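Just so it is clear, the model here is predicted, and its values are computed rather than measured. Atoms within each ligand, like the ligands themselves, are counted from 1 in listed order.
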Amino acid sequence: MHFLVQLLLVSTAGAASLLEPDGPYRVGFTQFIIPHVTPDDPTPGPGNELLAHLYYPTRNTSSRSPVPYFDPRSAAIWNPLLELPEGSLNKLTTGLLSNASFLDAPTGHPTVLFSPAAGFNAWMYYGLLANLASNGYTILAIDHPGEPPALRWPNGTETIGLSVDVNFTASLTRKVHTYRVADLAAALSWFPAFVRRTDAPFNTSQFLVLGHSIGGSASVTFAPDHPKVRAAVNLDGGFSQHETVVTDVGRPVFLMSSINHTIQYDPSWAEFQEHQTGWWEYISIYGSGHLDYCDIAMWKDALGFGPFVQEQFGPVGGVRTTRIARKYVGDFFGWVEGGDKGVIATPSLEWREAVYVNGSDLADV
Ligand SMILES: *[C@@H]1O[C@H](CO)[C@@H](O)[C@H](O)[C@H]1NC(C)=O
Ligand SMILES: *[C@@H]1O[C@H](CO)[C@@H](O)[C@H](O)[C@H]1NC(C)=O
Ligand SMILES: *[C@@H]1O[C@H](CO)[C@@H](O)[C@H](O)[C@H]1NC(C)=O
Ligand SMILES: *[C@@H]1O[C@H](CO)[C@@H](O)[C@H](O)[C@H]1NC(C)=O
Ligand SMILES: *[C@@H]1O[C@H](CO)[C@@H](O)[C@H](O)[C@H]1NC(C)=O
Ligand SMILES: *[C@@H]1O[C@H](CO)[C@@H](O)[C@H](O)[C@H]1NC(C)=O
Ligand SMILES: *[C@@H]1O[C@H](CO)[C@@H](O)[C@H](O)[C@H]1NC(C)=O
């Protein structure tokens, strides 16, 4: 008895929670395998299945134990890379409720498809995605097995992927970009049958698409070919593929960039903007770095080690950047669903790092 109590104390004292969602719902979580063949898959993955992580609103309030953020294999890979004391990353927990009950009725929001940065797992966006779910959105975050350094399947087996220091050469990047667009399409066509089978209150007629880095570029490339997709968000992704640069999305596109992602540094954004006939807006988050848009920048903070100081992480930090991304991605989605103003209607002291750079309203003048 005494021993048990001590064990419990030790395990909870060591746990560290990431930035929790702040919406009115708690967040349910589950994973599914989507059958989908990738021709010419450049990764060591099986090439015939995708792993989907589903975040959704729930009224359940407690689960038996907190869901760990990391699987042990991924933690063992990332821990030394970030020069953290052994075992640190295993202590990160989430407030997710595994397999929690669905709501009784739809919340009325579109379903969000999500594609991560190259080499990252789709679960590395908890800060942003769980928050959207707590505000009533259902999120389908898609992993391409074999691309992230490790991926744990629901049955506990693992796929070891590309090395964490793999070179994303132009030819590898092209292949990744191509299958990311196809992966989004596979998830979109798989989802309605899943919703019917589970009787879930999820939206199968209207979708939004969101991605970081190459996932942001893939989102923008994917959107115009799918009438059910109402809008796309690209978080700081360069358009490495010519077909994306010349894509006229023809529906709202929201671009959020880190401070160094100027059109001088990445001319693909300027060229893309010139090809748009629909609504678009481009904002920059002063002081943010490219990797502040995923959870990585928050891992050390949550564990009490202080922020990263290196390129790709900005002085504003991951927690603040995630709060800003929550605010503006949320505002954009709200606007797409019927709000009557652009994303940054007026400058805000509270959100002063977010700066309007350009948009269809200026480009039209
Ligand atoms: C959630 O449900 C799935 C499918 O029914 C099952 O395979 C999985 O073990 C469950 N997960 C947990 C944590 O209960
Ligand atoms: C969620 O709530 C439902 C209904 O109250 C209950 O039957 C179910 O066991 C709960 N599930 C979890 C994971 O807490
Ligand atoms: C799907 O989203 C659209 C647009 O927001 C909404 O009008 C519709 O009611 C939603 N449907 C469901 C089942 O949630
Ligand atoms: C576990 O699931 C993966 C993905 O579907 C599959 O490839 C693998 O064969 C399964 N392993 C076992 C032991 O069932
Ligand atoms: C990636 O490319 C750089 C420069 O060409 C080279 O120095 C490095 O060793 C390569 N890394 C790997 C893992 O191949
Ligand atoms: C905004 O973008 C348009 C289209 O790319 C470009 O022609 C215009 O110069 C840009 N304006 C500003 C203020 O950056
Ligand atoms: C921005 O670019 C400069 C010059 O290359 C670099 O020193 C700095 O670390 C970068 N900052 C971020 C946040 O990426």
Side-chain angles (χ1 to χ4, degrees), residues 31-37 41 43-53 56-57 71 73 102-113 132-133 135-140 143-146 150-161 188 190-192 194-196 198-209 227-231 239 245-249 251-253 255 257 261-284 330 332-339 342 344 355-365:
Q31 294 175 310
F32 293 95
I33 292 164
I34 302 179
H36 169 65
V37 172
D41 193 330
T43 77
N48 63 358
E49 290 176 325
L50 304 173
L51 180 61
H53 311 262
Y56 55 92
D71 61 87
R73 177 81 64 175
F102 302 142
L103 299 178
D104 295 332
T107 58
H109 294 297
T111 297
V112 179
L113 302 172
L132 283 168
N135 283 289
Y137 291 88
T138 300
I139 325 291
L140 201 52
D143 256 329
H144 190 93
L151 177 138
R152 190 178 195 278
W153 296 94
N155 65 11
T157 63
E158 287 160 343
T159 290
I160 299 302
L188 179 72
W190 167 85
F191 194 60
F194 159 76
V195 169
R196 272 195 303 277
T198 55
D199 210 17
F202 301 151
N203 205 331
T204 57
S205 60
Q206 300 281 320
F207 291 80
L208 300 163
V209 60
K228 288 180 171 182
V229 177
R230 294 190 57 186
F239 295 129
V245 170
V246 299
T247 296
D248 176 9
V249 182
R251 65 203 76 184
V253 184
L255 307 165
S257 83
H261 201 156
T262 58
I263 55 177
Q264 288 77 18
Y265 163 81
D266 179 4
S268 77
W269 276 35
E271 218 184 315
F272 170 79
Q273 289 162 20
E274 276 155 23
H275 284 87
Q276 302 316 302
T277 58
W279 186 99
W280 59 277
E281 189 160 291
Y282 163 17
I283 76 170
S284 180
F332 174 65
F333 286 171
W335 173 76
V336 168
E337 289 171 59
I344 295 198
V355 179
Y356 179 96
V357 180
N358 204 353
S360 44
D361 49 350
L362 278 190
D364 285 348
V365 179

Handout entry: Main-chain N/O of Ser268 paired to Asp266 side chain as donor or acceptor, under 3.5 Å
Key = yes
Handout entry: Side-chain donor/acceptor of Glu271 to backbone N/O of Pro267, under 3.5 Å
Key = no
Problem - Close-contact set for ligand 3 against Pro110 heavy atoms, below 4.0 Å - result: 2 (O), 5 (O)
Practice task
Establish, yes or no, whether a centroid distance under 6.0 Å links the rings of Tyr356 and Tyr282.
Solution key: no
Exercise for the section: Look only at interatomic distance and state if Phe202 has a nitrogen or oxygen under 3.5 Å from any nitrogen or oxygen of ligand 3. Expected result: no
Exercise for the section: Decide whether His275 and Asp248 meet the rule of one side-chain donor and one side-chain acceptor closer than 3.5 Å. Expected result: no
Practice task
Run the contact test for Trp269 against ligand 6 with a 4.0 Å cut-off on heavy atoms, strictly below, and give the result.
Solution key: no
Completion exercise
Gln273 heavy atoms within 4.0 Å reach ligand 6 at atoms 2 (O), 5 (O)
Exercise for the section: Show which atoms of ligand 3 fall inside a sub-4.0 Å distance from at least one heavy-atom site of Arg230. Expected result: 4 (C), 5 (O)
Exercise for the section: Determine the interplanar angle of the Phe194 and Trp190 rings, folded into 0 to 90°, and report it as parallel if under 30°, tilted if 30 to 60°, perpendicular if over 60°. Expected result: parallel
Exercise for the section: Please could you name the atoms of ligand 3 that Asn203 approaches to less than 4.0 Å, counting only its heavy atoms? Expected result: 1 (C), 2 (O), 3 (C), 8 (C), 10 (C), 11 (N), 12 (C), 14 (O)
Exercise for the section: Taking the side chain as every heavy atom from C-beta outward, state whether Pro252 and Phe332 have any atom pair closer than 4.5 Å. Expected result: yes
Practice task
Find out whether Ile33 and Trp153 are in side-chain contact, i.e. whether some heavy atom of one side chain is under 4.5 Å from a heavy atom of the other.
Solution key: yes
Completion exercise
Near Trp280 (heavy-atom distance under 4.0 Å), the atoms of ligand 6 are 2 (O)
Fill in the blank from the handout: Within 4.0 Å of some non-hydrogen atom of Ala270, the atoms of ligand 6 are 5 (O)
Problem - Thr204 side chain to Pro192 backbone, donor-acceptor under 3.5 Å - result: no
Practice task
Could I get the full list of side chain to side chain contact (heavy atoms under 4.5 Å, CB included) partners for Gln206, not counting sequence neighbours?
Solution key: Pro110, Asn203, Arg230
Exercise for the section: List every atom of ligand 6 that sits less than 4.0 Å from any heavy atom of Glu274, numbering the atoms from 1 in the order shown and giving each element. Expected result: 4 (C), 5 (O)
Between ligand 4 and the protein, give all atom pairs where both partners are nitrogen or oxygen and the distance is under 3.5 Å, as lines of names plus distance to 0.1 Å.
unit_1: ligand 4; atom_1: 2 (O); unit_2: Asn155; atom_2: OD1; d: 3.4
unit_1: ligand 4; atom_1: 2 (O); unit_2: Asn155; atom_2: ND2; d: 2.4
unit_1: ligand 4; atom_1: 5 (O); unit_2: Glu49; atom_2: OE1; d: 3.1
unit_1: ligand 4; atom_1: 5 (O); unit_2: Glu49; atom_2: OE2; d: 3.3
unit_1: ligand 4; atom_1: 11 (N); unit_2: Asn155; atom_2: ND2; d: 2.9
unit_1: ligand 4; atom_1: 14 (O); unit_2: Asn155; atom_2: ND2; d: 3.2

Exercise for the section: Compare all side-chain heavy atoms of Glu49 with those of Pro35 and state whether any distance is below 4.5 angstrom. Expected result: no
Exercise for the section: Please step through side chain to side chain contact (heavy atoms under 4.5 Å, CB included) for the pair Thr43 and His144, ending with a clear verdict. Expected result: CA-CA 9 Å; Thr43 77; His144 190 93; 4.2 Å; yes
Handout entry: Ligand-side contact atoms (ligand 6) for residue partner Asn358, heavy atom cut-off under 4.0 Å
Key = 1 (C), 2 (O), 3 (C), 8 (C), 10 (C), 11 (N), 12 (C), 14 (O)
